[in-house]
Amino acid sequence: MANSDNVVRAGLTPKFKDVDTLLHMLTYDTNALAQSKYTLDTSKAVQRYAPPSWCDDFSLFAVRLDRNVANRVEVSLDLPSVGLGLCVDGKAIVNAGAEVGFGSNFVLPVGKVTFSLPDGVDACTIFIGT
């Protein structure tokens, strides 16, 4: 729970259970999954998955650099908050400084972040959670 410590319990605990309040709070909407579906578009260098507006605490960016696709060797994006990055393929240079490679995880600052391919590397994929 991103913004709250409040808990309403309904069972499986010796603590106070408030079933009536829990049932009153629940929204029985089966459309939430359909509204949250995301289609992958590999033609873009940066994609952002942002859940529906009722869940604005999280978003996920996919950054794909590839020399063989429209010579995408550098891309910039603006992060709305501090980001946690994970390189899942290849190598990249972050903000003209640190080189990250497969398996690297790293913290990114709020604001503009630039990724570029180093010489000799053809592609890189990085995911960033904010």
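- Linking ILVMFWY residues whenever their side-chain heavy atoms come closer than 4.5 Å, directly or via other members, places V46 and V113 in the same cluster.
- Looking at heavy atoms from C-beta onward, V82 lies in side-chain contact with V110 at the 4.5 angstrom threshold.
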Checking side-chain contact (heavy atoms from CB on, under 4.5 Å) for the pair L117/D122: CA distance, chi angles, key distance, verdict?
CA-CA 7 Å; L117 286 176; D122 288 333; over 6 Å; no

Test side-chain contact (heavy atoms from CB on, under 4.5 Å) on L108 and F115; report intermediate values, then the result. CA-CA 11 Å; L108 295 164; F115 299 94; 4.0 Å; yes

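- In this structure, F106 places its CZ atom where more than 12 heavy-atom neighbours from other residues, nucleotides or ligands lie under 6.0 Å away.
- Hydrophobic clustering, with ILVMFWY side chains joined whenever heavy atoms are under 4.5 angstrom apart, groups V94 together with L79.
- Hydrophobic clustering (ILVMFWY, side-chain heavy atoms < 4.5 Å, transitive): L77 and F127 are in distinct clusters.
- Residues V107 and L86 fall into different hydrophobic clusters, defined by Ile, Leu, Val, Met, Phe, Trp and Tyr side chains chained together at heavy-atom separations under 4.5 Å.
- For the atom pair CZ of R48 and CG of D78, the computed distance is 10.5 Å after rounding to the nearest 0.5 Å.
- Taking CZ of R64 as the reference point, atom CZ of R72 lies at 8.5 Å (rounded to 0.5 Å).
- Nearest heavy atom pair, residue A92 against residue I126, reads CB-CD1, 3.9 Å.
- Listed here is the closest heavy atom pair of V75 and A45: CG2-CB, 4.1 Å.
- Residue L65 holds its CG atom at 6.0 Å from SG of C124, rounded to the nearest 0.5 Å.
- Closest of all the heavy-atom pairs between V88 and F102 is O-CD1, 3.2 Å.
- A donor-acceptor pair under 3.5 Å is absent between the side-chain atoms of R67 and the main chain of V73, judged by distance alone.
- Residues I93 and P118 approach most closely at CD1-CB, 3.9 Å, considering heavy atoms.
- Atom-to-atom distance recorded for R9:CZ and L22:CG is 11.5 Å, nearest 0.5 angstrom.
- At a threshold of 4.5 Å between non-hydrogen side-chain atoms, the residues L84 and N105 do not count as touching.
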